[in-house]
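Any value given below was found using the heavy atoms of this structure, including those in side chains, with hydrogens, waters and symmetry copies removed. In what follows, chains carry the letters A, B, and so on, assigned in the order in which the sequence lines appear, proteins first and then strands, with residues in each chain numbered from 1.
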Amino acid sequence: MVRDEIKALLKQIYPEEIIIIDYVPPDKKGDYSTNLAMRIAGKKSISPLRIAEEISQKINSPIISETIIYPPGFINFVLNHTYVKEKFKTIEKCNIGKGLRVNVEFVSVNPTGPINIVNGRAAAFGDALVRLLNYAGYDADAEYYINDCGRQIDLLAESIKQRMNQLLGKEFSIPEDGYHGEYLIPLAKKFLEAKITEAEVVKEQAVNYFLQQHQEMLENFRVKFKNWIRESEVRNKGYVDRVMKIFREKGLTFEQDGALYLKTTAFNDTRDRVIITGDGRYTYLLPDIAYHLYKIERNYQFLITILGPDHLGQVGSLYAGLKGLDYSENILKIIIVQEVKLKKDGRYISMSKRAGTFITLEDLLNEIPIDVCRFFFLMRSSSQHLDFDLDLAKNVSEENPVYYVQYAYARIMSIIRFAQEKGISMIDDVDLNLLNEKEEMILMKYILRFEETIEDAVKNFEPFMITYYLIGLARIFHHFYQKHRVVGDNEELTRARLFLIKRTAQTLKTGMELLGCSCPEKM
RNA sequence: GCGCCUGUAGCUCAACAGGAUAGAGCAACGGAUUUCUAAUCCGUAGGUUGGGUGUUCGAUUCACCCCAGGCGCGCCA
């Protein structure tokens, strides 16, 4: 990649220094720049401009045609056009993953109700992250965890039972911390018809019912999971007991008020946590820690766990638990995907699952196309609270950037069709030296940045960087299109430009695929 | 009360390990099409980056203190 080559160039001259390469703002001359001179100047208290002068004289490389010094000490590099064209002809892929096995767990909605919008955001985010990691050379698997044990499942079964009573015209009362949503009524009806009443069977069937619903929903949303892991599986394989034993032997547990605590404060948690309740059942924590151990023992070298904002309290204790098992906290990255505030008719809609007032992912997808939905979700950093304006998303055909990107692709496809109708053969062996217009150079150089953007997005765990890149690429293409005609009288030039826009289209499409968005051939 | 996230143009958001005159889209106003898709392009206007102090050659970015909003702080998950 271009950026790496420039970095290597400077590293050769200054092996001790950390080299930072940035892009040059559009109004300045140059393509890449470094602040190296200012960094050195800061240490030695010499004028940065003088050091910049010194550095720029030491640089002698065929890839750079000019270096320019800007006050207070930036050194900008102008890429050699011949070099850009050579690079452009071959596709160079970012491979920072080197086959590292990564487990990305996300969504993991409890099988007690529908998938809501925050889960939907996490789904789009996690899925894009997995695609991104695999593109960048990692061996990443998407994993979904099914909490099919524990108290919430008991509450679910009880809530369904009460709904069955209701349907039978009997008295009923749903437990206060049970599930009050009306979505349980059709399920209760189903059970009545099938004459299912036994609690264990209700539990099992209800879990399967929601699980299947989630699987279908996620598939519709183009989110793929490789692994579906049940909590019961983790328990049955003895992981929970094993972790328990380790913690006991290491003296990390203590009893208090009849409950068993884990000393997570020994590993920087804010307080110690209950792992076994007074009535002898596990809280979520121990199975969760055991589950993470189970991931590691399935030979994953790095774990990414994506959680919703309501699970913030778990972060510290989960890291603490892994440290308690003598794993470095570097093996796990917990990403909190922040909440989605849904706006309709200018007002925010509040969502509560227990109360049964929430908008599901399904509701959302009934209103807006998947492409728009995914792009919208992925346009923000995961740490940002997301404002989702339904009215805007619905009538956005003109103001939604996803169409802007898709339109650029469709436009290119149209040109290619036009060229084919004219009988112009598409070949890859073109003479790029014919491309010397400013807009052509900008386009080529921007496309070369794609792999660098991938690298940045992966390192930051932030697919949103891709969305901005794609909007930028679409813009640059539209500019080019406005100024220059692709299919013209000069056949050689036409071929060269066709090659250029074909690469543009490929890049757009690859990027959109990473986000799970489509690129229609026509619009 | 403690912890986490957030505060940038009228609105939604960028600014890539502290960098250059803080950028886009939408909304507003004015323009561009005899030729490959006008879902496009060009231009105008819009800012004390919530407020303050500090560190620095340089702060939207880092530290501290306020102000405002959201979320989390359970023997629920």
Both atom distances under 3.5 Å, Watson-Crick or G-U wobble: I'd like the secondary structure of RNA chain B as a dot-bracket string, with | for pairs made across strands. (((((((..((((.....[...)))).(((((.......))))).....(((((..]....))))))))))))....
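What separates NE2 of A/His484 from C1' of B/C42 is a distance of 15 Å, to the nearest Å. One can place CD1 of A/Ile40 at 16 Å from P of B/C57, the figure rounded to the nearest angstrom.
Annotation: B/U61 and B/U56 have their P atoms spaced 16 Å apart (nearest Å). B/G25 and B/U21 have their P atoms separated by 22 Å, given to the nearest Å. Of the C1' atoms belonging to B/G30 and B/C62, the separation is 44 Å, rounded to the nearest Å.
In the interface, the side chain of A/Ser33 is paired with the base of B/A20 through a donor and an acceptor atom under 3.5 Å apart. For B/G72, its base never sits under 3.5 Å from the side chain of A/Asp310 at any donor and acceptor pair.
Among the atoms of the strands shown, base atoms are found under 4.0 Å from some heavy atom of A/Asn35. Using a 4.0 Å heavy-atom criterion, one finds that A/Tyr468 contacts the sugar-phosphate atoms exclusively. Within the 4.0 angstrom heavy-atom criterion, only backbone atoms of the sugar-phosphate kind lie near A/Arg475; the bases stay farther away.
RNA chain B is contacted by both A/Thr277 and A/Leu386; A/Leu386 maps to the nucleotide lying nearer its 5′ end (nearest heavy atom per residue).
Scored by the side chain to side chain contact (heavy atoms under 4.5 Å, CB included) test, A/Tyr446 finds A/Arg449, A/Tyr469, A/Leu473, A/Ile476 as partners (sequence neighbours excluded). Residues passing the salt bridge (Lys or Arg N to Asp or Glu O under 4.0 Å) test with A/Arg248, sequence neighbours excluded: none.
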For residues 15-26 of chain A, which side-chain donor-acceptor pairs fall under 3.5 Å, sequence neighbours excluded?
from, atom 1, to, atom 2, distance (Å)
A/Glu17, OE1, A/Lys43, NZ, 3.1
A/Glu17, OE2, A/Lys43, NZ, 3.0
A/Tyr23, OH, A/Glu452, OE1, 2.5

Close N or O pairs between protein and nucleotides 67-70 of chain B (under 3.5 Å):
from, atom 1, to, atom 2, distance (Å)
B/G70, O2', A/Glu339, OE1, 3.2
B/G70, O2', A/Glu339, OE2, 2.5

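Sorted by first then second residue, the salt bridge (Lys or Arg N to Asp or Glu O under 4.0 Å) pairs that include residues 469-484 of chain A, not counting sequence neighbours, are A/Glu439-A/Lys483.
Under 4.0 angstrom from either OP1 or OP2 of B/A77 there lies no side-chain N or O belonging to A/Tyr282.
Taking the six-membered ring where the residue is Trp, A/Phe480 and A/Phe477 present tilted rings, their angle falling between 30° and 60°.
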